[in-house]
Amino acid sequence: METYQRVKDNIMILTKPSASFIIGMASVLATIPAFSFSQTVQGWIAPAEVVEKLSKSQPQYNYYEEKVPVYTLPDLLLPAEGKRIVNAEAWNLTRRQEILELFRENVYGRVPETPYNMIFRISGIDNNALEGAATRKEVDIEISSEGLSLTIRLNLFVPNDATEGVPAFLLINNRGTEQADPSRKIKNEFWPAEEIISRGYAAAVFQNSDVDPDNFDDFRNGIHGILDRGERKGDSWGTIAAWAWGASRCMDYLVTDSDIDPARVAVIGHSRGGKTALWAAAEDQRFAMAVSNESGCGGAALARRKFGETVEVINKAFPHWFCRNYIQWGNNEDSMPVDMHMLLALIAPRAVYVTSASEDLWADPRGSYLSLYHSLPVFRLFDSKTELDKRMPPLNTPVSSGNTAYHVRDGVHNLLLKDWNWIMDFADRVLKQ
Ligand code: GTR
């Protein structure tokens, strides 16, 4: 007796249940809400009321799973030329580089080769921060080229009870400074420094706007105004690539600080910051882990699903985020030489954690999970036991395998302590053991 019917990808619907099944389940259902039944048996599905609400208020975007087009993802392991990749060595030597170039060329853009100088200045140290639990350091990273300069302020807490270099989380803060207030006058779950420290990690943060302003200014200000030379090209770097570059400059400092273990630094970001964290870890292999919190389109979510935000829409709304070449893939996703499972694969064999929120359908939770799922063939080249179920995990139930992890939290688009705690649970396993 076929109880479930597979309709698409990992969507299962209950069809024609048998009489005995109904009687058997009746007693179970009497004690649990139907919602949790479906969450447990089927894995997470988008809440129907959220789908309805969003579809009504934004009819121009798709929130219905059944309207996701049929698509074929580019094969991760098949290079443009030559034989299929069958081992980690071949991946690292050829295909990884090829895919990295495709992302530079088609999505985020290329960092210019303009030479620059960099100086680290410790402008403040407080050995008695967080009620004595941590030392606070204010580090100014000054970048200069041909008389122009900018400063990235890196704020860092390191635990006072550590006897050797500790693992660290570097947060790319794309929100106001009050969301990640180093004075701790304002405390916010977006950057729970106290909890991060109490779990034995260093907590570092920088403002993305220190590197590049988050508005379209024709690339005149921020690091673009300092390092860009000549006419912009189709593959000239956009603002996300600039923020990712900024994360790497923070890493340049962190590797010099003996309070930090340079081999165990995770880069984390929310939403546009999550897109940035993934690209930072793809470009800079010194990051041991990347956390993409609800990064959506241009981040973890598969573009070919065209669910919620799409390539066309993101380029119109944020013309400064990506390179110009990315525009051509709007409404033309099937021709794009990459999709976002390939971005996640670039992080292998290092750790990657992808998160979603159940009401944040704009960022396509299912597309983000499937992206991780489809990146696994590369993680398996390094650790053959890495395996996730093709069905999404239920709500509020983190899953992980090898160096990959995912959760879908209840609620709206945000980075909360609940997310951090699950992320740190995973980091305890992959960065501390
Ligand atoms: C939205 C944008 C998303 C996401 C988000 C954010 O407006 O459409 O791609 O990045 O902003 O950064 O909060």
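Counting starts at 1 for both ligands and their atoms, in listed order. Computed from a predicted structure; not experimentally measured.
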Asks: Where is the nearest protein heavy atom to atom 4 (C) of ligand 1: which residue, which atom, and how far?
Replies: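 The closest heavy atom on the protein side is Ser271 OG, 2.9 Å.
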Asks: Ion pair present between Arg104 and Glu283, side-chain N to carboxylate O less than 4.0 angstrom?
Replies: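 Looking at Glu283 together with Arg104, the answer is yes, because their closest N to O distance falls below 4.0 Å.
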Asks: Among all the protein's non-hydrogen atoms, which is closest to atom 12 (O) of ligand 1, and how far away is it?
Replies: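 Going by distance alone, atom 12 (O) of ligand 1 is nearest to Arg272 NE, 2.5 Å.
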Asks: Would Arg153 count as a cation-pi partner of Phe206, with NZ or CZ less than 6.0 Å from the six-membered ring centre and within 45° of the ring normal?
Replies: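 No, cation not above the ring by the 6.0 Å, 45° rule.
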Asks: Establish, from distance only, whether the side-chain atoms of Asp214 and Ser209 form a donor-acceptor pair under 3.5 Å.
Replies: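 There is no such pair (donor and acceptor under 3.5 Å, judged by atom type) between the side chains of Asp214 and Ser209.
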Asks: Does His413 reach ligand 1 with a nitrogen or oxygen that is under 3.5 Å from one of the ligand's nitrogen or oxygen atoms?
Replies: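 Between His413 and ligand 1 (N or O atoms, distance only) the closest approach is under 3.5 Å.
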Asks: Tell me the closest heavy-atom pair linking Met118 and Arg249, and the distance in Å.
Replies: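 Looking at all heavy atoms of both residues, the closest pair is SD-CD, 3.9 Å.
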Asks: Evaluate His270 for polar contact with ligand 1, using N/O atom pairs at a separation under 3.5 Å.
Replies: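 No, no N or O pair falls under 3.5 Å.
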Asks: Is it the case that more than 12 heavy atoms not belonging to Gln60 sit under 6.0 Å from its CD atom?
Replies: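 Counting other residues, nucleotides and ligands, CD of Gln60 exceeds 12 neighbours.
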Asks: Who's the nearest protein heavy-atom neighbour of atom 7 (O) of ligand 1, and how far?
Replies: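 Going atom by atom, the protein heavy atom closest to atom 7 (O) of ligand 1 ends up being Phe318 CZ, 3.4 Å.
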Asks: If you count the atoms of ligand 1 from 1 in the order shown, which ones are under 4.0 Å from a heavy atom of Trp321?
Replies: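 Matching atoms, with element in brackets: 9 (O), 10 (O).
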Asks: Measure the distance from atom 3 (C) of ligand 1 to every protein heavy atom, then report the residue, atom name and distance (to 0.1 Å) of the closest one.
Replies: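 The closest heavy atom on the protein side is Glu309 OE1, 3.2 Å.
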Asks: Hey, does Tyr108 have a side-chain heavy atom less than 4.5 Å from the side chain of Thr239?
Replies: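 No - every pair of side-chain heavy atoms lies 4.5 Å or more apart.
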Asks: Run the numbers for me: atoms of ligand 1, each under 4.0 Å from some heavy atom of Ile314, listed by number.
Replies: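 Checking each atom against Ile314, I get 9 (O).
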